[in-house]
Amino acid sequence: MSVLLFTYDWLPGFTHGFVRDMRVRWVLEETGRAYRVATVPVHPKSDEHRAMQPFAQVPIIKDRDLTLFESGAILLHLAEGTALLPQHRRAEVTQWLIAALNSVESASAGWMNMILAQRMPHIFGPPAAPEVVEHARQGLRRKLKGLDTLMEDREWIAGDFSVADIMLADVLRVCAAEKQLDDYPALADYVTRATARPAFRKAMEDHMAHWQAADAARGIGQAGA
């Protein structure tokens with residue numbers, strides 16, 4: 001039975017490639033699970049959406065009789081019983097998946113929100129003071145430095161390629177896009193290695209096709225629009 005993956009019906013272009021349904025698509029491609037995509041409105045939020053996800057966020061999946069949200073929980077569920085979550089390394093892989101979310105993404109997201117406020121205050125609110133933004137960036141760089149040192153003699157974060165690598169590489173892609181991995185060659189190489197995988201490329205192709213279709217349905221990017 002295929003998995004039903006929920007994402008938004010539309011989002012502005014600066015988010016494309018980085019919406020968190022991407023990491024779910026990636027694990028589904030790695031494991032060979034069939035899936036379908038459904039949408040929830042980005043605005044206004046619906047009661048149906050909140051019934052599945054009380055914070056009205058995405059991604060959400062329905063897998064048989066299970067409805068699940070939070071990308072970390074979804075990835076662990078979908079990796080269960082596959083080579084992406086090997087029993088002999090289960091605790092270590094889980095540790096690194098949680099570290100990607102709690103240590104790395106929390107630092108990168110805090111800084112990134114400040115950067116977006118600088119670029120688009122009409123969407124994200126008044127920008128923070130420059131020294132506050134720099135303090136957040138330095139906090140992120142401390143996390144990246146520790147990871148870079150660790151990855152100097154590793155191909156993947158916990159033995160063979162695992163669900164932890166899907167999460168960590170997806171988190172680090174945002175840092176790479178903002179040039180924050182330029183001083184951390186081991187991490188930059190790690191992200192390049194991970195995103196060269198056929199499953200990632202297929203997931204990204206389908207991810208982008210979804211947003212392109214959503215734009216086209218609204219006449220965005222079309223001649224004369």
Side-chain angles (χ1 to χ4, degrees), residues 1-64 66-79 84 100-101 105 108-109 112-113 116 119-120 123-124 163 165-178 191-192 194-225:
M1 183 178 295
S2 65
V3 174
L4 185 60
L5 168 62
F6 289 86
T7 189
Y8 287 123
D9 59 352
W10 178 83
L11 283 172
F14 72 88
T15 68
H16 298 173
F18 298 100
V19 187
R20 289 182 177 91
D21 69 88
M22 176 58 204
R23 56 189 60 161
V24 179
R25 291 177 185 268
W26 188 358
V27 73
L28 287 164
E29 293 293 344
E30 291 280 359
T31 57
R33 289 287 303 272
Y35 71 97
R36 297 172 293 124
V37 176
T39 62
V40 290
V42 65
H43 182 77
K45 305 297 186 182
S46 67
D47 291 340
E48 293 82 358
H49 187 183
R50 293 187 187 280
M52 293 187 292
Q53 217 283 6
F55 314 118
Q57 297 170 318
V58 298
I60 308 160
I61 65 164
K62 286 190 176 182
D63 187 8
R64 298 180 175 86
L66 176 67
T67 299
L68 200 61
F69 65 90
E70 290 295 340
S71 62
I74 292 171
L75 264 61
L76 287 171
H77 168 72
L78 293 173
L84 293 178
L101 291 167
E105 189 166 53
S108 66
M112 193 67 227
N113 284 337
L116 290 172
R119 295 173 184 169
M120 293 172 281
I123 297 176
F124 291 93
V163 70
D165 293 297
I166 292 176
M167 183 62 79
L168 182 57
D170 197 56
V171 168
L172 290 173
R173 286 193 310 114
V174 177
C175 302
E178 291 296 323
V191 172
T192 298
T195 57
R197 295 177 68 87
F200 175 87
R201 294 199 300 268
K202 178 61 166 62
M204 181 58 76
E205 179 184 343
D206 292 342
H207 174 84
M208 294 303 295
H210 171 81
W211 303 116
Q212 290 159 5
D215 277 351
R218 289 161 175 76
I220 297 171
Q222 297 180 13

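These numbers come from a predicted model, not from an experiment.
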Query raised in the report: Does A38 have any side-chain contact (heavy atoms from CB on, under 4.5 Å) partners at least two apart in sequence or in another chain, and if so, which?
Result: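 Counting only residues at least two positions away or on another chain, A38 forms a side-chain contact (heavy atoms from CB on, under 4.5 Å) with L4, F6.
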
Query raised in the report: For V174, which residues count as a side-chain contact (heavy atoms from CB on, under 4.5 Å) partner, sequence neighbours excluded?
Result: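 F18, M112.
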
Minimum-distance pair of heavy atoms, taken over all atoms of [X] and [Y]:
| X | Y | result |
| --- | --- | --- |
| L101 | S71 | CD2-OG, 4.2 Å |
| A56 | K45 | O-NZ, 3.3 Å |
| V171 | S108 | CG1-OG, 4.2 Å |
| D9 | W211 | C-CZ3, 4.4 Å |

**Report entry** For D165, all residues meeting salt bridge (charged side-chain N to carboxylate O under 4.0 Å, His left out), sequence neighbours excluded
**Finding:** none

Requested in this report: For E178, enumerate each residue passing the salt bridge (charged side-chain N to carboxylate O under 4.0 Å, His left out) test, keeping only those at least two apart in sequence or located in another chain.
Outcome: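 Residues passing salt bridge (charged side-chain N to carboxylate O under 4.0 Å, His left out) with E178: R119.
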
Which pairs of donor and acceptor atoms, one on a side chain in residues 194-205, lie under 3.5 Å apart (sequence neighbours left out)?
unit_1 : atom_1 : unit_2 : atom_2 : d
T195   : OG1    : V191   : O      : 2.8
T195   : OG1    : T192   : O      : 3.4
R197   : NE     : E30    : OE2    : 2.8
R197   : NH2    : E30    : OE1    : 3.1
R201   : NH1    : A196   : O      : 2.2
K202   : NZ     : D206   : OD1    : 3.4
K202   : NZ     : D206   : OD2    : 2.5

Query raised in the report: Does the side chain to side chain contact (heavy atoms under 4.5 Å, CB included) test come out yes or no for Q212 and H16, once each step is laid out?
Result: CA-CA 9 Å; Q212 290 159 5; H16 298 173; over 6 Å; no

Hey, does [Y] have a side-chain heavy atom less than 4.5 Å from the side chain of [X]?
| X | Y | result |
| --- | --- | --- |
| D63 | L68 | no |
| V19 | L11 | yes |
| L116 | F14 | yes |
| V27 | H77 | no |

**Report entry** From CA spacing to verdict: side chain to side chain contact (heavy atoms under 4.5 Å, CB included), T67, Q53
**Finding:** CA-CA 9 Å; T67 299; Q53 217 283 6; over 6 Å; no

Query raised in the report: How far apart are the C-alpha atoms of W10 and I220, what are their side-chain angles, what is the distance that settles it, and do they pass the side chain to side chain contact (heavy atoms under 4.5 Å, CB included) test?
Result: CA-CA 11 Å; W10 178 83; I220 297 171; 3.5 Å; yes

Between [atom1] of [X] and [atom2] of [Y], what distance do you get to the nearest 0.5 Å?
| X | Y | atom1 | atom2 | result |
| --- | --- | --- | --- | --- |
| L5 | R25 | CG | CZ | 6.0 Å |
| L168 | E105 | CG | CD | 10.5 Å |
| L75 | R20 | CG | CZ | 12.0 Å |

**Report entry** Intermediate values then yes/no, side chain to side chain contact (heavy atoms under 4.5 Å, CB included), T31 and L78
**Finding:** CA-CA 8 Å; T31 57; L78 293 173; 5.5 Å; no

Query raised in the report: Is the shortest distance from a Lys or Arg side-chain nitrogen in R173 or D170 to a carboxylate oxygen in the other one below 4.0 Å?
Result: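 Here R173 pairs with D170 in a salt bridge, since their nearest N and O are under 4.0 Å apart.
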
Report task. Could you list the residues that satisfy side chain to side chain donor-acceptor pair (under 3.5 Å) with T7, not counting sequence neighbours? Result -> D21

Query raised in the report: Which class fits the ring pair Y8 and H49: parallel under 30°, tilted 30 to 60°, perpendicular over 60°?
Result: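 Y8 and H49: perpendicular rings.
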
